[in-house]
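Quick caveat, the model's predicted, so the values are computed rather than measured.
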Amino acid sequence: MAVSHEHGHVADGSVVERVQHLAAAANPAFAAGSLLVPLAFFGASLLLSSTELLFYTHVAAGAVWFGFALIFPSIIGPTLGGLGAEASAAVTTTLVPKAVFFLVGFSLTTVLSGTVLLTPGLGLGYGFAGTWSSAALGLGWGLFAFGLAVPHRLQLSAYYETLSPEPDASRLESIEKKNLVVGLFEAAVMLGIVVLMTGFRLGA
């Protein structure tokens, strides 16, 4: 099935137009659910003043975020690179919009819940206030910001290039290679966060 290029101009639109386009491409219900469902658990934790629910929300959202962030560049990207141009374009234009909303929802939930857990003054924290927890929290927010600035932009670059009237195969290949490097960097930072979290938990 050929990929439609009728929306290829959206890359030149405003941020609002691009978000609306991505939501439509992802399916509005899926886009909204990807953001609202994980954040709903975070909100419920606060309303119920449940540190336990907040902890499990943080761990579950973090596992989804970390796992998907590793799978995308290490498995999905190379797999797309091995497909024919038409098949790769069809998968990319279907997958990327969903992946963007999905990852933003779970990564935002992870860092927000982690912030509440590691900030004693917010009422639901573990009570840790030291180098380990501060470093883990700082790396978590840094990785979230990095995800918005680099991996998501690379994925969207591949998406918009695929939608263009004449996709540049060499540019798509270059984006795939950058995604792999970025994925390795994210994996290293994620491992660092896990080590820091383990450190302050064991040292408690």
In the single-linkage hydrophobic clustering (I, L, V, M, F, W, Y; side-chain heavy atoms under 4.5 Å), do [X] and [Y] co-cluster?
| X | Y | result |
| --- | --- | --- |
| V104 | L39 | yes |
| L48 | F55 | no |
| L103 | L180 | no |
| L148 | L143 | yes |
| L112 | L46 | yes |

Which heavy atom of [X] sits nearest a heavy atom of [Y], and at what distance?
| X | Y | answer |
| --- | --- | --- |
| P97 | A25 | CG-CB, 3.7 Å |
| D168 | E161 | N-OE2, 2.8 Å |
| L154 | V182 | CD1-CG2, 3.8 Å |
| E186 | G147 | OE2-CA, 4.3 Å |
| S113 | L54 | CB-CD1, 3.6 Å |
| A89 | T162 | CB-CG2, 3.2 Å |

May I have the step-by-step check of ring-ring contact (aromatic ring centres under 6.0 Å, His included) for H21 and Y159, ending in yes or no? CA-CA 12 Å; H21 166 81; Y159 173 74; 5.7 Å; yes
In Å, rounded to the nearest 0.5 Å, how long is the span from [atom1] of [X] to [atom2] of [Y]?
| X | Y | atom1 | atom2 | value |
| --- | --- | --- | --- | --- |
| Q155 | L95 | CD | CG | 8.0 Å |
| T115 | L137 | OG1 | CG | 4.5 Å |
| N179 | K177 | CG | NZ | 13.0 Å |

[X] vs [Y] side-chain heavy atoms within contact, under 4.5 Å:
| X | Y | answer |
| --- | --- | --- |
| R171 | S157 | yes |
| V189 | F146 | no |
| I71 | F66 | no |
| F106 | F68 | no |
| Y160 | R18 | yes |
| V150 | F185 | no |
| S45 | Y56 | no |
| L22 | L156 | yes |

Step through the shown structure and confirm whether more than 12 heavy atoms of other residues, nucleotides or ligands are within 6.0 Å of [atom1] on [X].
| X | atom1 | result |
| --- | --- | --- |
| F30 | CZ | yes |
| K178 | NZ | no |
| F41 | CZ | no |

After noting the C-alpha distance and the side-chain angles of F102 and V64, does the key distance pass the side-chain contact (heavy atoms from CB on, under 4.5 Å) rule? CA-CA 10 Å; F102 188 82; V64 172; 3.5 Å; yes
Hey, what's the ring geometry for W141 with F144, parallel, tilted or perpendicular (30° and 60° as the breaks)?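 Rings of W141 and F144: perpendicular, as their planes differ by over 60°.
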Could you walk me through whether K98 and N27 pass the side-chain contact (heavy atoms from CB on, under 4.5 Å) test, one step at a time? CA-CA 8 Å; K98 294 180 181 295; N27 181 311; 4.2 Å; yes
Is a side-chain donor-acceptor pair under 3.5 Å present for W65 with T109?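 T109 vs W65: no donor-acceptor pair found between side chains.
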